[in-house]
Every structure is written in structure tokens, then in C-alpha cells.
Amino acid sequence: MGFSPAFYACSIPPVGPNKFTELGQSKFNNVVLVPTAQKWSIAHDHTLVYKPLRKHNHQSQHLSFTDEFYIKHAQRLDEIRNVFSEVGEDTLEGLMMIDAIQRLGIDYHFKEEIEAVLQRQYMKASTHGESIQDLYEVALRFRLLRQEGYHVPADVFNNFKNKEGKFKQNLSKDIKGLLGLYEASQLSIEGEDILEEAQRFSSTLLNAGLEHLDHHEATVVVHTLEHPHHKSLPRFMAKSFLKDFQGPNGWLTVLQELAKADFNMVQSIHQQELLQISKWWQDLGLAEELKFARDQPLKWHMWPMAVLPDPSLSEQRVELTKPISMIYIIDDIFDVHGTLDELTLFTEAVNRWDIAAFETLPNYMKICFKTLDEITNEISNKVYKEHGWNPVDSLRKTWMSLCNAFLVEAKWFASGHVPKADEYLKNGVISSGVHVVLVHLFFLLGHGITRGNVDLVDDFPSIISSTAAILRLWDDLGSAKDENQDGHDGSYIECYIKEHQGSSMENARQNVTYMISDLWKRLNKECLSQHLFSTSFTKGSLNIARMVPLMYSYDDNQSLPHLEEHMKSLLFEAFPL
């Protein structure tokens, strides 16, 4: 059985979800960047994730690239651009190329070529309708267009139904087509019953047919069912995709070579970012001053790496790590250290944003707020210089909202009150920290900063609230306790069971799963109809939701071995060239 290149992808075992504020109490290791000939590694006697960074030489050498390397890289880019011209803009092969390029995380090189193909494909479908009878081609075109914001009707799949309005059973033999249909169904929005039916139909037949496939085909099917492309992060999956990347097309070899070289180049950029973050965090001194708080700068930087995959956005990734670090620190103040009286005074002082108001508070709170104020002012000044807008009021408001939400949860715990499930979730989407991150992202990107857009992003629009709710509910589905964290976190499931007497844990978890599915539909709709925010911001919101299942899958030791593997792969294990 032949698969297209798009379906030769077997990933590193995934890791699951969490919210920004609850990614683990245990510490990072001594991340010692050990330069060797063209390779970095970590100290072999420590794990990567669970010990703090120690001071080391920040001038460590990076992966170096010769002039010949850059020349070959440019030649490969030209070769792929030429292939786009040769295959044409309205062919299946052009769509397959786009799919492979996006799965390899190198689509940022070919924005114009990809847009030309998709525009041609969209015009063709709009003018002539979808008369093609190949399920894979129809599903691939639908998915590629939708994920780039084109309004493609879901009824293109009616051609694959029988007179009774059911999907034709003879499609059970079309494994590639069923995989494409399942992938396409992930872009459904509210009210699209045909895509819900498509997901049930394709997943049922794919699961039923597993025993009839060879090992490789079965692996591809299982991977696709567990990690559909729309809900995954391409750069995190690129290496595993490359391992099984094969097919008859001549451009595949060039694409493989290009992707490997590009991976190493981007890895070098991330290594430099890691050194900047490490130095910033050590110079800040919070790990020494606030020993009760988490000390995980490498893990925190994984969020910006996922949210902003474009290599050119290095500065934005570094800056975004700073507020993310403060979300963790402030969460630990509320969750594991501060008394309720102290937390109340802390929140009141943040709401006034008055350094003088902190004089009566404990020293650790003074240190925290001073750092928060410095980071906020530093980012505000940077945004003003680069984009002509001072976002200090907007940034401060997000921190006020976050602390107020944290305080609500602290009061619930102190009083023993279990809120209604909806009340818990309404507060929980704020305490997730997603709004803080995305407001900072909006200003750091600097796209479309107008009074109207600023007011919109300040008011927690649906594209942000949907992402935050996905993150919060995924976190509450987690079965393992956050690594060694002895804090006091609520749970939507706990609130739901108390509110719905007689409901089982299984029923509560199933309800949360349905809610997450509906939130993805809402997020898809926001991204499809979103014209106010930039593509980078919209995809950044999506990438947070995609990152969630990669950040919370604890083993029996309450650790994250799969996340560690992703970190090693992305940051320290280069392709041999």
C-alpha cells in the first residue's frame, strides 16, 4: 500500500497538557552546554529537566556553519522553488509539497509559493466546484486551505456519501483517503455536522483496519489518530517525520537535505536564545531570593519556541520568556508560600501598581513586584521604540487580572469552598496565564497595533479565552500531580462532580473531553474569521493550544521524560550533515 510523504510521520511519544502556571515544581538540571566538533550535548550525569541551571560560560561556542554550507542551503531553496513552478499551481503534487514542507517546519521559506498555489486551488474550487472523486486530494486541499484561513465549505465531502446520506463503506479500503479525511475533520467549526461525522467514520474504519496493515502503515495510522497535524507542532515532530519520509518524487531528497540543514540552523538560534535566557535568569537572582519558587528557565522557554516557530522572531521569543517566568513565580507565591493575608495585600498593591504599597509586605513579595515592574517597563519601552505604542497600561492590567484570579482561588481553598463548575472555569481561564502571554505577544509582534485592536486584546477576546479554556481543562484532565508541587490547585472535574451528585469520575472526564473538542471548534472559527489580528498572533494562539498536550504527561515518578526528549532533540541533537 502506498502512502504519500505526508503520512510517513511517527513522532516521539507525546507528552500531555498543562496550564502556564502549573508546569511543574521540580527543578531543571545543570544544563551544561558542552561544545564539541559541530555538536552540543548535556552533562551525562544529570537529567535535562529537573535541576536548576548552574552558572557556566555564556560564551560557549555555537554550531558553526561554513560558507559552503550556506551556499548549498540557498541552492536547495532555489531547487524547491523551481519544483513549485514545474509541478504547477493546480496539481495534487503541489498540495503534497506544501503538506510535506509544512510538516517539516520549513514553510517560512516558501510563503509566496505556498500562497500562490493555495490561491489557485481556492479559485479553482470556487469556480468549478469540487468534482474530484479522490478522497485524499479533496481532503488535503480542504485542510490546507482552511488552515490558512480560506473559507472552504465542508459540503465538499458530500460527494463521498451514498443515497442515504452516509459515507460510502467502500472507502474503508482507501487508507490514505481516510487519513486525509480524519486530518481534515480536525478543522471543523461549530455546526458542521458533516465533519463530526467524517471524524467518527474515518477513525472507526482506521482503527478497525489496523490489524490488516503492515507494521509501518499501522504505526502511521496510530500516530495520525493520536496526533493530527492541525493539533500538533511541526518543528517538534519534524525529526520523526524525516525518519520515515519517503516516496517516488524527485524533490523529496532535496527537501530532506534542506530540512536537515534548516533544523541545525534553527537549533543554533535556539541555543543562543537559551544562553541569553540563562544569563538573564541568573543575573536576575530570583532563584536565590525565592527558593520556594520554580527554577525552570529552559522549560519556560519551550513555550515561546512553540508559539513563535519563525526563526526570525528570536528577540520576541527571548522577551516572551520573561513574563512567562513571572507567571510561574507569582503562581508559586499564591499556591505554595504566601498566607491569605499576605496574598490579599499583594494583590491590592499590584492593582494600584505602587511600589510604595509594597513597603509593608514581606521581602520576597517586594523582590517579586520590583522584578515584575522592571520587566513590564523594559518590554513597554522596547515596544514603544520599535512600534510607537506604549503598552504599559495594557500589560499592567493583565497582571492585575491574573493576581485577582489567583486570589479568588486562594480564598476558595482557605474557606473550603468548592465553586460551581462554570464559576471555576470562568476564573480559571484567567488564572491560566494565557491572557498575560498573548497580550505580551501581541505587542512584541507589533502587528496591527491600533486603539481598536488594543481595546479588543485587553478585553479577553474569544481567540484568547478559547485557548485559555483548552489549556485549563486539559490541565484538569491530568491524572498525575505536578512534579513535587505541594500547592493547592482546584479542578474543574472536582467542581463538576460535587455539583452533579451521582456523576462518576469517568462521566466528568468525558464531559471535559467534549468541552475541549467544542473549544477547538470555536478556536478554529476564530482563526478562520480573524482579520483584526496578524497571522503570527493567530497562529501563536493556536500554537499555545497545540503545545498543551506536549507539556503535561507525568510518569509514575511525577517527571516528564518525553518532554525531556523533545528538549534534547530540539536544542542539543543536531543532524549529521
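Atom set for the values below is all heavy atoms of this structure, side chains included, hydrogens, waters and symmetry mates excluded.
- A salt bridge between E526 and R522 is absent, with no side-chain N of the basic residue lying under 4.0 Å from a carboxylate O of the acidic one.
- The shortest distance between side-chain heavy atoms of I375 and H440 does not fall below 4.5 Å.
- Between V457 and F537, the closest side-chain pair of non-hydrogen atoms falls below 4.5 Å.
- Between K231 and W520, some side-chain heavy-atom pair lies under the 4.5 Å cut-off.
- Counting heavy atoms from C-beta outward, T321 and E273 have side chains that stay 4.5 Å or more apart.
- Side-chain atoms of V434 and R472, non-hydrogen and from C-beta on, never get closer than 4.5 Å to each other.
- You'll find the side chain of D283 stays beyond 4.5 Å of the side chain of W280, heavy atoms only.
- Ion pair E319/K322 flagged as a salt bridge, since at least one NZ, NE, NH1 or NH2 atom sits closer than 4.0 Å to an Asp/Glu carboxylate oxygen.
- Counting heavy atoms from C-beta on, the side chains of N543 and R546 come closer than 4.5 Å.
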> Does the side-chain contact (heavy atoms from CB on, under 4.5 Å) test come out yes or no for S232 and R103, once each step is laid out?
Replying inline: CA-CA 9 Å; S232 301; R103 288 175 183 269; over 6 Å; no
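- In this structure, the side chains of D422 and E499 stay at 4.5 Å or more apart for every pair of heavy atoms.
- Aromatic ring pairs are classed by plane angle as parallel below 30°, tilted from 30° to 60° and perpendicular above 60°; the pair H223 and H227 is tilted.
- A salt bridge links E564 with K568; the closest basic N to acidic carboxylate O contact falls under 4.0 Å.
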> Does the pair M400 and R396 meet the rule for a side-chain contact (heavy atoms from CB on, under 4.5 Å), with working shown?
Replying inline: CA-CA 6 Å; M400 294 173 191; R396 287 177 177 178; 4.1 Å; yes
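- Using bins of under 30°, 30° to 60° and over 60° for the plane-to-plane angle, the ring pair F369/F358 lands in the parallel bin.
- Under the 3.5 Å distance criterion, with hydrogens and angles disregarded, no donor-acceptor pair is assigned to the side chains of T344 and E348.
- D476 and S491 share no side-chain donor-acceptor pair at under 3.5 Å.
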> Going through the distances and angles, do E190 and D518 end up as a side-chain contact (heavy atoms from CB on, under 4.5 Å)?
Replying inline: CA-CA 7 Å; E190 295 162 308; D518 287 341; 5.7 Å; no
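- For NZ of K366, the number of neighbouring non-hydrogen atoms (other residues, nucleotides, ligands) closer than 6.0 Å is greater than 12.
- Judged purely by distance below 3.5 Å, without hydrogens or angles, the side chains of D310 and S312 pair a donor atom with an acceptor atom.
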> Between L407 and L340, is a side-chain contact (heavy atoms from CB on, under 4.5 Å) present by the stated rule, with each step listed?
Replying inline: CA-CA 8 Å; L407 184 61; L340 185 59; 4.2 Å; yes
> Going through the distances and angles, do S314 and Q272 end up as a side-chain hydrogen bond (donor to acceptor under 3.5 Å, both in side chains)?
Replying inline: CA-CA 9 Å; S314 182; Q272 295 177 50; over 6 Å; no
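- Residues Q267 and H270 have side chains that never bring a donor and an acceptor to within less than 3.5 angstrom of each other.
- Considering V307, L542, L550 in turn, L550 is the only one that fulfils the side-chain contact (heavy atoms from CB on, under 4.5 Å) rule with L233.
- The aromatic rings of F334 and F406 lie tilted to each other, with the angle between the two planes from 30° to 60°.
- Classified by interplanar angle (parallel below 30°, tilted 30° to 60°, perpendicular above 60°), the ring pair F263/F575 is perpendicular.
- For the residue pair N511/H500, the side-chain donor-acceptor check at 3.5 Å is not satisfied.
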